[in-house]
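Notes follow the structure.
Worth knowing before you read on, the calculation uses all heavy atoms, side chains too, and leaves out hydrogens, waters and symmetry mates. Here is the naming used below: chain letters follow the sequence lines, and residue numbers restart at 1 for every chain.
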Protein chains: 2
Amino acid sequence: MAHSRQDRRWARRKEARPAELISAALDLFVERGFAATRLEDVAARAGVSKGTLYLYFPSKEDLFKAVVRGGIVPAIERAEKQFEVHRGGAGELIRQLVKGWWTSVGNTRLGGIPKLMISESGNFPELAQFYHDEVISRGHRLVAAAVQRGIDTGEFQPVDVNYAMRLVIAPLWLLTVWRFSFGQCDRQQLDPVAYLDLHVDLILRGLGAAAEPAMVGEQRPGLRSAPRPTAGTTINSAAGRK
Amino acid sequence: MAHSRQDRRWARRKEARPAELISAALDLFVERGFAATRLEDVAARAGVSKGTLYLYFPSKEDLFKAVVRGGIVPAIERAEKQFEVHRGGAGELIRQLVKGWWTSVGNTRLGGIPKLMISESGNFPELAQFYHDEVISRGHRLVAAAVQRGIDTGEFQPVDVNYAMRLVIAPLWLLTVWRFSFGQCDRQQLDPVAYLDLHVDLILRGLGAAAEPAMVGEQRPGLRSAPRPTAGTTINSAAGRK
DNA sequence: TATATTACTGACTGATTGGTCAGTTACGCC
DNA sequence: GGCGTAACTGACCAATCAGTCAGTAATATA
């Protein structure tokens with residue numbers, strides 16, 4: 001044997017390198033932003049030299065693209081599946097989509113990508129377009145379809161779906177973006193799950209068919225206010241947790 | 001006379017320089033981000049040379065601070081005045097605060113600053129802290145106080161004000177951030193005023209005291225659903241505009 | 001007009017870093 | 001064992017740009 005394991009200065013690992021480089025790049029891009037991340041650091045974190053990085057990615061920009069492509073697209077596809085499978089009220093669907101987003105994006109390392117994309121969109125219009133077409137517009141379509149379904153069944157009021165959809169996702173944007181920007185400045189840590197719960201409670205209540213006196217008796221089963229515990233308790237459940 | 005107006009290569013304008021430099025820097029920082037903005041370009045846009053810029057601002061970072069200080073802080077102070085002066089329901093107060101934000105920040109050049117701060121917060125923790133203390137936490141306090149007032153008067157349900165406050169402002173963040181990130185990618189232009197109107201309609205409806213059958217008869221005067229035109233019409237007013 | 005003051009200029013420097021490539025070394029194959 | 005291939009290294013190059021400063025010219029003052 002020419003080398004013991006310790007002697008070996010490096011090993012050939014052609015298959016593993018790209019994923020390891022992308023993972024390292026995700027960490028550093030999210031942590032420092034695109035411009036402030038040095039490729040030498042990315043390479044070092046992946047356990048290789050800068051030259052090796054350039055064997056797999058022709059430029060810094062291409063590495064950036066690979067990070068975005070690899071991380072987010074699968075998540076949106078899972079959400080689309082979730083939508084197709086769902087049987088039940090639109091309100092419950094929206095609740096589940098929000099929850100799914102939290103577990104598969106918001107609460108993972110991927111949560112840094114939205115903020116990263118916002119920050120760098122100006123300097124990479126082409127990449128912004130890609131992200132918009134491949135992720136954002138699909139997400140928008142999904143949520144808009146859920147809202148539309150609620151309107152069609154009479155569960156929601158006939159609002160403009162395009163605006164309502166944006167109001168549904170706005171707090172999700174804020175949550176991720178916040179964590180990677182002013183998260184450190186905020187002394188009080190808020191519980192993301194409680195925050196999202198309250199958001200869904202409020203927005204569904206806001207969207208819900210008017211609770212006019214005449215309608216109280218003939219509320220549809222899907223309507224949010226009845227099936228869950230007392231509205232006050234539910235909405236206020238956020239207050240209990242620290 | 002030594003020089004005609006055309007001959008003169010430059011003029012002494014000590015008083016005007018800082019404001020002009022800050023204005024130029026605001027444009028370029030918003031357009032390109034902090035790292036990608038070259039000070040030579042800022043100086044050129046302000047009609048001076050790079051050396052002059054350094055006569056007024058000791059470093060790029062200090063210039064950045066000056067941009068933030070000069071632009072946003074006065075706006076938040078105006079909002080605080082608005083709060084103190086207001087007489088009327090909490091719902092109407094929130095509506096006015098949102099409207100005021102739109103006219104004095106969202107719909108002006110200053111609208112780019114929130115996105116700028118989000119993007120650069122990671123690389124300038126000290127500045128992020130400054131912005132957080134001087135702008136964000138004051139804005140939070142303001143909106144939280146408005147929500148609290150609504151709860152105290154019984155106009156709103158007893159939700160956790162800290163979470164509700166964030167839900168009130170989330171769509172405002174999204175609106176400004178969007179314009180300076182994916183705004184170009186979006187083919188459909190949405191009307192910000194209609195968007196904000198719908199937001200306020202929905203969130204106030206969501207926050208509103210429960211319209212339980214028993215309570216319908218004894219709604220307080222401040223309650224949102226009755227005083228405005230039919231809920232359906234109002235909420236849907238967004239749909240009408242293009 | 002002459003002189004002093006200082007706002008302003010712009011070429012320069014030093015540090016950083018994206019990207020290159022000639023050389024080195026692991027490893028498959030005979 | 002030894003040979004060929006290609007994965008990998010790291011010193012190097014070139015471009016960029018924040019920040020400097022010796023010099024220039026506008027203006028105040030006398």
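With rounding to the nearest 0.5 Å, the separation of CG in B:N107 from OG1 in B:T176 is 11.5 Å. B:L39 CG to B:L63 CG: the interatomic distance, rounded to the nearest 0.5 Å, is 6.5 Å.
The existence of a salt bridge linking A:D27 and A:R32 is excluded, since no basic side-chain nitrogen approaches an acidic carboxylate oxygen closer than 4.0 Å. Note on A:R69 versus A:E134: no salt bridge recorded, every NZ/NE/NH1/NH2 to OD/OE distance being 4.0 Å or above.
Judged purely by atom type and a 3.5 angstrom limit, B:Y163 uses its side chain to pair as donor or acceptor with the backbone of A:D191. A donor-acceptor pair is defined here as one N or O able to donate and one able to accept, closer than 3.5 Å; such a pair exists between the side chain of B:S119 and the backbone of B:K115.
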Listed pairs, N/O of protein and of nucleotides 6-8 of chain C, under 3.5 Å:
unit_1	atom_1	unit_2	atom_2	d
C:dT6	O2	B:R12	NH2	2.3
C:dC8	OP1	B:A11	O	3.3
C:dC8	OP1	B:R13	N	2.7
C:dC8	OP1	B:R17	NE	2.6
C:dC8	OP1	B:R17	NH2	3.0
C:dC8	OP2	B:Y56	OH	2.3

Table of protein N/O atoms under 3.5 Å from nucleotides 16-19 of chain D N/O atoms:
unit_1	atom_1	unit_2	atom_2	d
D:dC17	OP2	B:R38	NE	3.4
D:dA18	OP1	B:T37	O	3.2
D:dA18	OP1	B:K60	NZ	3.0
D:dA18	OP2	B:L39	N	3.1
D:dA18	N7	B:K50	NZ	2.9
D:dG19	OP2	B:Y54	OH	3.0
D:dG19	OP2	B:K60	N	2.9
D:dG19	O5'	B:Y54	OH	3.4
D:dG19	N7	B:K50	NZ	2.9
D:dG19	O6	B:K50	NZ	2.7

Could you write out each protein N or O paired with an N or O of nucleotides 1-4 of chain C at a distance under 3.5 Å?
none

For residues 77-85 of chain A, run the donor-acceptor check on the side chains, cut-off 3.5 Å, and write out each pair with its distance to 0.1 Å, sequence neighbours left out.
unit_1	atom_1	unit_2	atom_2	d
A:E80	OE1	A:R138	NH2	2.9
A:E80	OE2	A:R138	NE	2.9
A:Q82	NE2	A:Q96	O	3.2

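Taking A:Q148 as the reference, A:I151, A:D152, A:V161 meet the side-chain contact (heavy atoms from CB on, under 4.5 Å) condition, with sequence neighbours excluded. When the side-chain contact (heavy atoms from CB on, under 4.5 Å) test is applied to B:R179, no partner is found at least two apart in sequence or on another chain.
Rounded to an integer number of Å, the gap from A:L53 CG to C:dC21 P is 17 Å.
If you look at B:W178 and A:H140, their ring centroids are closer than 6.0 Å.
In the set C:dT25, D:dT27, C:dC27, C:dT25 carries the atom at the smallest distance from any side-chain atom of A:R9.
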